[in-house]
Amino acid sequence: MPTVSAARSVPKTATAVDVPVFRDTLSELPDDRRRAAELQGFEAKPGQSLVLTGSGEGPVEVLVGLGSSKDLSYERLRKAAAALARAVNRHEAVATNLVTVSDGLDRAEAIGAVVDGVRLASYRYTDLKSASKDKDEIRLKKVTVVAGGSGVRAEMTAANAVVDAVELSRDLVNEPGGSLTPQSFVAKAKKAAGAAGIKVTVWNEARIRKEKLGGLLAVNKGSAHPPQFLTLSYKPAKGTPKAHIVLVGKGVTFDSGGLSIKTSQGMMTMKIDMAGAAAVLAAMIPLPAVAAPVEVTGFIPLTDNMTGPDAQRPGDVFTARNGKTVEVLNTDAEGRLILADALSLASEAKPDAIIDIATLTGSASAALGTGYAALMATDDTLAGRLEAASERTGEKLWRLPLPAEYRRQLDSPIADLRNIGTSPYGGALIAGLFLKEFVDGAPWAHIDVGLSVYSDTSKGIVVKGATGYGVRLLVDALRHWD
Ligand code: BES
Ligand code: MN
Ligand code: ZN
């Protein structure tokens with residue numbers, strides 16, 4: 001996977017360099033290039049690329065499409081940079097001119113987008129491969145972003161720190177459920193957070209019991225691994241923080257469904273069920289590097305959801321941290337149980353906002369497909385911040401309601417709440433309404449990422465497997481807080 005740095009011009013060592021082309025500047029290309037483009041169907045569509053076979057002198061030229069110049073966006077830069085990386089992945093050193101054509105956009109963001117594009121498209125999860133026989137093996141080692149002016153170095157450092165974090169989250173989500181346990185998640189979190197200067201606190205099972213995290217303990221009953229509760233804290237190095245935000249991430253290291261067991265098909269991807277936890281951990285790591293102006297606390301409950309001899313039984317009732325009793329009618333609706341306690345703790349901290357992120361329901365993806373996460377929020381300003389971050393990062397969100405009239409579906413005859421609704425429809429909204437019962441006081445946003453954290457295909461900045469969804473979104477929202 002390549003490292004990316006900046007220089008004022010294309011270095012001599014580069015064996016390939018891109019020529020960014022807008023649809024409206026296609027006709028201005030030198031005759032031979034224009035003709036090659038025409039013959040090979042290159043129309044400067046966003047994300048389109050064409051490697052030109054040159055005279056043998058100098059670096060190979062790669063045309064990369066950006067669409068119409070008036071519609072240039074960070075997402076188009078990201079796509080074009082990804083297309084370049086894919087087209088030249090057999091080269092060792094390449095250069096890109098994409099930042100030089102980003103007039104009218106914020107330069108730091110443009111640099112970020114180009115670094116996202118080249119590095120994320122070149123990501124591979126190789127930990128478990130004995131040797132790389134991959135046909136799209138990456139040989140790319142060094143990418144130079146052509147950009148001049150003051151501040152470029154700092155902007156590159158920040159951009160690289162964010163992509164490092166996305167890679168961390170992809171690695172965690174790609175790791176199998178039998179190997180990434182709550183304990184090993186904690187060990188990896190300590191290492192990454194320690195290196196970045198983020199404070200880490202870990203609660204073990206005894207402490208979790210003392211703190212009355214009844215939901216986390218209930219889900220953990222069927223497991224061979226004790227639960228863990230991880231707290232991460234970041235404070236800006238300078239000045240008074242503009243706000244205090246609590247992030248909460250669902251950390252189910254494997255979801256078998258518990259006794260309400262999933263089908264083998266349904267279980268196949270369930271190592272991804274800690275993607276919310278990975279997003280929260282990873283999003284906190286680059287906060288010092290991007291100098292985020294807010295104080296951030298991350299709460300991460302960790303357990304797997306298994307079927308051990310004392311696993312919670314459908315119909316069992318537990319008491320959550322805030323004192324509410326919950327009748328668990330489906331043990332596969334486990335994410336909301338561990339998030340309930342974490343949201344109570346978040347509320348007790350009296351922050352300015354709470355944001356949770358979770359692979360909470362298949363229903364979110366049934367509604368929106370895998371390209372969008374579902375956003376639910378009790379506060380329009382907070383929702384707006386996340387929508388603005390989504391716009392800048394290209395990590396797509398769509399807001400769904402929290403309909404008060406559905407709340408009665410969660411009434412239980414024997415407890416304060418049941419953990420599933422009565423209707424087979426609207427599951428993402430019911431899950432949101434369940435979580436809302438544990439939020440007290442602070443503005444709250446809930447991001448149900450569903451399957452957007454995982455992709456069956458490689459395209460643009462996404463590589464088959466974990467997408468790292470949520471990391472760039474959260475970092476962006478936090479660094480732009482005012
Ligand atoms: N982790 C799953 C949700 C999920 C499923 C995320 C598929 C991504 C892809 C969650 O714990 C779950 O099992 N949810 C159930 C809830 C139902 C039992 C009310 C679901 O969505 O089917
Ligand atoms: Mn489940
Ligand atoms: Zn789950």
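We count ligands from 1, going down the list as the structure has it; atoms in each ligand are counted the same way. Scope of the values below: all heavy atoms of this structure, side chains included, with no hydrogens, waters or symmetry mates.
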*Asks:* Quick one: are Asp116 and Glu75 in side-chain contact, heavy atoms under 4.5 Å?
*Replies:* no
*Asks:* Strictly under 2.8 Å of the Mn ion (ligand 2): which protein N/O/S atoms qualify?
*Replies:*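 Atoms qualifying: Asp255 OD2, Asp332 O, Asp332 OD1, Glu334 OE1.
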*Asks:* Given side chains that start at C-beta, do those of Thr303 and Glu334 come closer than 4.5 Å, heavy atoms only?
*Replies:* no
*Asks:* Taking salt bridge (Lys or Arg N to Asp or Glu O under 4.0 Å) as the cut-off, I'd like each qualifying pair that reaches into residues 335-362, sequence neighbours left out, listed once.
*Replies:*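 Output for this query lists Arg321-Glu348.
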*Asks:* Please produce the table of protein N or O atoms sitting under 3.5 Å from N or O atoms belonging to ligand 1, one pair a line, distance to 0.1 Å.
*Replies:*
from, atom 1, to, atom 2, distance (Å)
ligand 1, 1 (N), Lys250, NZ, 3.3
ligand 1, 1 (N), Asp255, OD2, 3.3
ligand 1, 1 (N), Asp273, OD1, 2.8
ligand 1, 1 (N), Asp273, OD2, 3.0
ligand 1, 1 (N), Thr359, O, 3.3
ligand 1, 11 (O), Lys250, NZ, 3.2
ligand 1, 11 (O), Asp255, OD2, 2.9
ligand 1, 11 (O), Asp332, O, 3.1
ligand 1, 11 (O), Glu334, OE1, 2.8
ligand 1, 11 (O), Glu334, OE2, 3.0
ligand 1, 13 (O), Lys262, NZ, 2.8
ligand 1, 13 (O), Asp332, O, 3.0
ligand 1, 13 (O), Asp332, OD1, 2.8
ligand 1, 13 (O), Asp332, OD2, 3.2
ligand 1, 14 (N), Leu360, O, 3.4
ligand 1, 21 (O), Gly362, N, 2.8

*Asks:* Answer yes or no: is there a side-chain heavy-atom contact under 4.5 Å between Leu360 and Phe434?
*Replies:* no
*Asks:* Phe229 vs Phe299 aromatic rings, parallel, tilted or perpendicular, using cut-offs 30° and 60°?
*Replies:*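 The rings of Phe229 and Phe299 sit tilted, inter-plane angle from 30° to 60°.
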*Asks:* Between Arg170 and Glu167, is the closest basic N to carboxylate O distance under 4.0 Å?
*Replies:* no
*Asks:* Does the distance from a Lys or Arg side-chain N to an Asp or Glu carboxylate O, for Glu109 and Arg78, drop under 4.0 Å?
*Replies:* no
*Asks:* So does Asp482 pair up with Arg479, basic N to acidic O under 4.0 Å?
*Replies:*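 Salt bridge: no.
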*Asks:* Could you check whether Asp273 and Thr359, counting side-chain N and O atoms only, form a donor-acceptor pair closer than 3.5 Å?
*Replies:* yes
*Asks:* Does the side chain of Lys324 reach to within under 4.5 Å of the side chain of Ser344, using non-hydrogen atoms?
*Replies:*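 No. Closest side-chain heavy atoms not under 4.5 Å.
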*Asks:* At a cut-off of 2.8 Å, what protein N/O/S atoms sit near the Zn ion (ligand 3)?
*Replies:*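 Under 2.8 Å from the Zn ion (ligand 3) - ignoring waters, which are not counted - the protein N, O or S atoms are Lys250 NZ, Asp255 OD2, Asp273 OD2, Glu334 OE2.
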*Asks:* Measure the acute angle between the ring planes of His446 and Trp444, then classify it against the limits of 30° and 60° as parallel, tilted or perpendicular.
*Replies:* parallel
*Asks:* What I'd like to find out is whether the side chain of Leu433 reaches to under 4.5 Å of the side chain of Gln409, using heavy atoms alone.
*Replies:*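 SC-SC contact between Leu433 and Gln409 ruled out.
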*Asks:* Regarding Asp380 and Arg399, does a basic nitrogen lie under 4.0 Å from an acidic carboxylate oxygen?
*Replies:* yes
